[in-house]
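Contents: one structure, followed by commentary.
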There are 2 protein chains.
Amino acid sequence: MDISIDEFTRKIRSRGYKLTPQRRVILEILIKNKDNPLTPEGVYKQVKISCSEVGLTTVYRTLELLRKIGVVNHVHFHDGCDRYEINDGKPHHYLICLNCGKVERTNLCFIDKMQKILEKDTAFKITEHCLSFFGYCRFCQLRK
Amino acid sequence: MDISIDEFTRKIRSRGYKLTPQRRVILEILIKNKDNPLTPEGVYKQVKISCSEVGLTTVYRTLELLRKIGVVNHVHFHDGCDRYEINDGKPHHYLICLNCGKVERTNLCFIDKMQKILEKDTAFKITEHCLSFFGYCRFCQLRK
DNA sequence: ATTTTAACTGAAAATTATTTTCAATTATTT
DNA sequence: AAATAATTGAAAATAATTTTCAGTTAAAAT
């Protein structure tokens, strides 16, 4: 379920948006980091490494645009900043160690089932969700 | 599983913290708003209404302290600020309308089960989680 | 191909949320 | 009642994000 540039181009243009080089570069970086949700600042740093000139403001704007058209998910690690990751259609849940900050990703998921029941029960049309677990990783449990 | 002032006092003192009037007032406000996660600013406004003089800094510090001792949960609605709610031991999941901003709470929960399996699988010790659903409420679905 | 136009960009300024600092105060222990 | 270590709050600092606006550019129209 990975997104291709062609598909992305279609998605962008069909909504009256333009496919700019900046948007392309940002998308590529998110694809390269598919297992690692990035902050806007993080995306910006990687853009700079790949030498392209893209402003931080544009990074913020592009991430929000990508979220709106369903290409990325919004993730929170309770550390004071937003993170974004490519939406590959798979569940994307995290285990965040409150001690060392390590982040593990898990695919285990009851959420789809839960979402369907919720939609029936509440008449909400659910388009996104965000689930993170906080606690202590196996190493920090020993260290404490 | 509601928290009493006595229990709170014990929890605070046993860890070497002091039970100050400010902490008491903030706790009371969180209890009064048990179904409605508040931002630090939101807590601060309510403190002011009830006439008590408590600084915003103290609100921030107290909320973080309460989270550390397990009295409140940390919640995110992807709107740029942190929210806190009393931890009553029950699941606390939200449906947030991306259009009108309405927040519904649901008790439906597979999370406990998921958490147990995750702990076994990953050797993580999970102490908190945060789950929110985003989408469109029944009214906004029609309006769009 | 050229023109047109509405969308887009980026630097700087503004805003908002949160954290730090530090001197004065206060809850609890002795 | 005195000692002490934690706590408070105002102000300053920091960090994340948004807004503004003049100049640029992708894509539609000619």
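Just so it is clear, the model here is predicted, and its values are computed rather than measured. Lettering of chains follows the sequences in order, A, B, ..., and the numbering in each one begins at 1.
A:E41 comes within 4.0 angstrom of nothing in the nucleic acid, heavy atoms only.
One finds a side-chain N or O of B:Y60 lying less than 4.0 angstrom from the OP1 or OP2 phosphate oxygen of C:dT18. OP1 or OP2 of D:dA27 has at least one side-chain nitrogen or oxygen of A:R13 nearer than 4.0 Å.
Closest contact between the side chain of A:R23 and the listed nucleotides C:dC8, C:dT18, C:dA11 involves C:dC8. When the nucleotides D:dG9, D:dT20, C:dT28 are ranked by their closest atom to the side chain of B:K18, C:dT28 comes out on top. Across D:dT7, D:dT20, D:dT17, the shortest atom-to-atom separation from the side chain of A:R61 is found for D:dT20. Of the candidates C:dT20, C:dA17, C:dG10, C:dG10 carries the atom nearest the A:Q22 side chain, counting heavy atoms from C-beta on. Side-chain proximity of B:T20 to the nucleotides C:dG10, D:dA26, C:dA27 is greatest for C:dA27.
Ionic pairing of B:E64 and B:R67 is present here: one or more N-O contacts between side-chain nitrogen and carboxylate oxygen are shorter than 4.0 angstrom.
Distance CD (B:E53) to P (D:dT7): 20 Å, rounded to an integer number of Å. Rounded to an integer number of Å, the gap from B:L19 CG to D:dA5 P is 20 Å. Separating the CG atom of A:L65 from the C1' atom of C:dT9 is a distance of 13 Å, rounded to the nearest angstrom.
Looking at B:R13, its side chain never comes within 3.5 Å of a backbone N or O of B:L19 through a donor-acceptor pair.
In this structure, A:R83 CZ and A:N73 CG are separated by 14.5 Å, a value rounded to the nearest 0.5 Å.
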